Structure formats: C-alpha cells, structure tokens
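Report on the following structure.
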Amino acid sequence: MLLTSPAADQQLESCLISDPAHIGEGINGIGEHVRRIQIALNEVDDAELEVDGEFGSATGDAVEDYKNARRILAPGQTTADRVVGKRTIKTLDDEVFEFENTGPPESGLVSPSEAGLPHNHAGCPTRPRVANPGPDGRAQHRGTPINPIGNAMRLNIYGEGETDYVGFTDFATETQHAKGRPMTSTLVDGCASDICVRSSPLSAVTLREIRRLAQSALVGGCRFTYASNQELFRTPRADILSLGTVIQQHRIADPSQPNNPHEDLEVWVVDMF
C-alpha cells in the first residue's frame, strides 16, 4: 500500500495524523513520499505524472483534480486546494489498497494481482518451466501486461509462461540464457505489437532486439512493459526512457510479503517510438 509498501514512509505516516506534516508545493515537497503519491495518482486517477519525487505544478494540478473529484474539501471551501493532508492521504491509501487487491479492470494494461485477467488458471504452467511459481505452484501474473495491442506478435523475453494466457510467446535474446526458449534472432524486424520483460535485466543485446522487433507506429505501434523488483529496478532508467513514452507506472506489493520492499514490483509501460 501507499503508506506501508515498500517499507513504511515516515512522512506519509505523519501526514495521516498531523497537519504540519501535510505535503504540497514547497511543503515537504521532495522525496520518496512524493514519488509514492505520484505513483498512486497515476494508478487510481490516470494522472500521467512523471514520477520524479518532486511536488511541482503538475503534481499540484493532479492533487487538486483528485480532491475535487472526491469532494475532499476543508470547511468553507468550494474547490479543493493542492495540498495532500489527512483525508487525502487516507483516501489515496484506501484506493491503492483496493487497486492492489482486486482483479484488473478490462481497460487496464497491467495486472496488479497474481490472478491476472479472468482465465482458466489450471492451464497455466508449473515447474520446471516456472522457476518461481505462485502459492498454487503455477505461474502467477502480478505485474504482467493485460489487454495487449495484439495486432502482431506478442513476445515475452525470458518469460516462463506467465503471459501465455493472453497470447504471448516466450523468447530469449542471448543463447547463454535461453534455457530452451526460441531465439528472437529468428524473428523478422518489426514483427511485434507487444513486448514484455519481467524480473530480468535489460542488457544491451536485449535493448537492441526490442528496438528491432517493435512494430512501426505506422501499422499500430508497439507497447513495451517492464517489471522488476527494487534490486534490479533503479531509477532513473535512461534505457527504458530511450525506447519511447512512459504511459503508466505502477508499484505493486507482493501479497505474501507486503512489507518487504525488495519484493515489490515497479512496472513501466512504454509506447515505443
């Protein structure tokens, strides 16, 4: 959740109970707590904010819109202010909790839960194909793409079958890591409308292949989804930003370890150039 995942943020905890700890432009306006607020607004209100940890005018606009839509007003106010206070942080935290613990909407791009879109999960792969299965021994779908563009190939680089059910095929970009997966080198240029990578580093070879395989915007474009834990996902990510425009960012807790930041997934969805 916003307040507790990754590890609890003291500024957000204080904001929940103390007026002097409110957050806004020029008020406790830089830090990890602001990044979490920006991610939350992107998740639950489609704010499309840059997640930079700075409470600037764009974040202020998003907070004002969020509060007006939910009528979070102080006594005497007819329109919301641009400050994150007790009611705002509580409402955001509740909505993030609901987002992380319910199935994805039909219009979503990323599964916030291990369940993924409704499907016959009994058909999902198990060990040995899946190195880290969910509690039921099958591939789990947290942080994976849903509702792909789908008008060309859908490629999961170094996948373990977690996106088979939405029409992706696992591939490898380097032979030493293939482990039986087919190689992307066998594919023609511009063949993919959807490419994803989860919990694998983005090597220079993989980045070159992603660019080569991405379908041109002239015929529908390509969407790239990258998800990884905090050990691999260090920001800023110039490599991902070089691929296109980031259209969604999510931070999704591991339901079995909600207070362990190392198991959180950071997910970026990119419309490729």
Side-chain angles (χ1 to χ4, degrees), residues 1-9 11-13 15-16 22-25 28-29 31-74 79-118 141-147 223 225-227 230 233 235 245-255 258-259 261 264-271:
M1 290 186 295
L2 176 66
L3 295 179
T4 60
S5 182
D9 185 278
Q11 184 65 53
L12 294 179
E13 297 283 359
C15 181
L16 187 64
H22 287 181
I23 300 162
E25 293 165 275
N28 303 311
E32 172 63 20
H33 58 284
V34 178
R35 288 190 77 249
R36 296 195 198 184
I37 290 170
Q38 291 167 330
I39 290 171
L41 289 168
N42 287 346
E43 286 184 342
V44 304
D45 216 38
D46 296 324
E48 300 184 357
L49 292 170
E50 179 182 359
V51 180
D52 59 6
E54 296 187 13
F55 200 118
S57 59
T59 301
D61 290 343
V63 168
E64 184 178 354
D65 291 344
Y66 177 86
K67 293 174 71 169
N68 277 323
R70 291 152 181 83
R71 304 304 293 166
I72 302 174
L73 305 175
T79 186
D81 56 38
R82 301 160 66 84
V83 174
V84 176
K86 297 175 185 176
R87 289 176 59 198
T88 309
I89 205 70
K90 177 65 167 63
T91 304
L92 262 178
D93 200 48
D94 289 344
E95 291 188 20
V96 170
F97 179 85
E98 182 177 358
F99 173 85
E100 292 177 350
N101 289 275
T102 59
E106 291 186 1
S107 59
L109 300 181
V110 175
S111 173
S113 72
E114 294 186 347
L117 286 174
H141 312 292
R142 181 171 60 107
T144 58
I146 57 176
N147 301 310
R223 184 183 301 145
T225 304
Y226 183 68
Q230 299 301 295
F233 208 118
T235 55
T245 302
V246 178
I247 58 172
Q248 287 191 10
Q249 293 169 284
H250 305 282
R251 180 176 289 178
I252 306 174
D254 183 339
N259 296 317
D264 277 16
L265 284 181
E266 186 112 2
V267 188
W268 287 21
V269 183
V270 177
D271 268 349

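Values in this document were obtained by computation on a predicted structure and should not be read as measured data.
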Check: If only atom types and distance count, is the side chain of K67 paired as donor or acceptor with the main-chain N or O of V83 below 3.5 Å?
Finding: yes
Next item on the list: Would you give the length of the straight line joining atom CD1 of I146 to atom OG of S111, rounded to the nearest 0.5 angstrom?
Entry: 6.0 Å
Next item on the list: Ignoring hydrogens and angles, tell me if any N or O in the side chain of D264 forms a donor-acceptor pair with the backbone of R251 under 3.5 Å.
Entry: no
Notebook entry, point to check: Just by distance, do the side chain of R87 and the backbone of L73 share a donor-acceptor pair under 3.5 Å?
Noted result: yes
Check: Would you find a donor on one side and an acceptor on the other, under 3.5 Å apart, between the side chain of R142 and the backbone of I252?
Finding: yes
Checklist line | Atom pair CG/CD of N42 and Q248 - distance to nearest 0.5 Å | finding: 8.5 Å
Notebook entry, point to check: What pair of heavy atoms forms the shortest contact from A40 to V96, and how long is it?
Noted result: CB-CG2, 3.6 Å
Next item on the list: Could you go through the side chain to side chain contact (heavy atoms under 4.5 Å, CB included) check for L16 and K90 one step at a time?
Entry: CA-CA 7 Å; L16 187 64; K90 177 65 167 63; 3.8 Å; yes
Next item on the list: Check whether any side-chain N or O of N68 sits under 3.5 Å from a backbone N or O of T79 as a donor-acceptor pair, and report yes or no.
Entry: no
Margin query: To check you understand the geometry: which heavy-atom pair defines the closest contact between L41 and A62, and what is its length?
Written below: CD1-CB, 4.1 Å
Note to self: A side-chain contact here means heavy atoms from C-beta on lying under 4.5 Å apart; do T144 and V110 qualify?
What the structure shows: no
Note to self: Can you tell me how far apart OG1 (T225) and NE2 (H250) are? Round to the nearest 0.5 Å.
What the structure shows: 9.0 Å
Next item on the list: Could you tell me the separation between the CG atom of L49 and the CZ atom of F55, rounded to the nearest 0.5 Å?
Entry: 9.5 Å
Notebook entry, point to check: Name the one of T91, D61, I37, V84 that satisfies side-chain contact (heavy atoms from CB on, under 4.5 Å) with Y66?
Noted result: T91
Next item on the list: For side chain to side chain contact (heavy atoms under 4.5 Å, CB included), just list the numbers for I247 and L109, CA-CA rounded to whole Å, side-chain angles, deciding distance to a tenth of an Å, and then say yes or no.
Entry: CA-CA 10 Å; I247 58 172; L109 300 181; 3.8 Å; yes
Notebook entry, point to check: What residues, two or more places apart in sequence or in another chain, satisfy side chain to side chain contact (heavy atoms under 4.5 Å, CB included) together with N28?
Noted result: Q11, I23, H33
Margin query: So, using salt bridge (Lys or Arg N to Asp or Glu O under 4.0 Å) as the criterion, who are the partners of E25 when residues are at least two apart?
Written below: R82
Notebook entry, point to check: For the residue pair N147 and G108, what are the closest heavy atoms and their distance?
Noted result: ND2-O, 2.7 Å
Check: Hey, are R35 and E266 close enough for a salt bridge, meaning a charged N less than 4.0 Å from a carboxylate O?
Finding: yes
Notebook entry, point to check: Would you say the side chains of D52 and Q38 form a donor-acceptor pair under 3.5 Å?
Noted result: yes
Note to self: Could you walk me through whether D9 and R36 satisfy the side chain to side chain contact (heavy atoms under 4.5 Å, CB included) test, starting with their C-alpha distance in whole Å, then the side-chain angles of each, then the deciding distance to 0.1 Å, before giving a yes or no?
What the structure shows: CA-CA 9 Å; D9 185 278; R36 296 195 198 184; 3.7 Å; yes
Next item on the list: Nearest 0.5 Å please: distance from the CD atom of E64 over to the CD1 atom of I72.
Entry: 12.5 Å
Next item on the list: Could you pull out all residues at least two apart from R70 that satisfy salt bridge (Lys or Arg N to Asp or Glu O under 4.0 Å)?
Entry: D45, E95
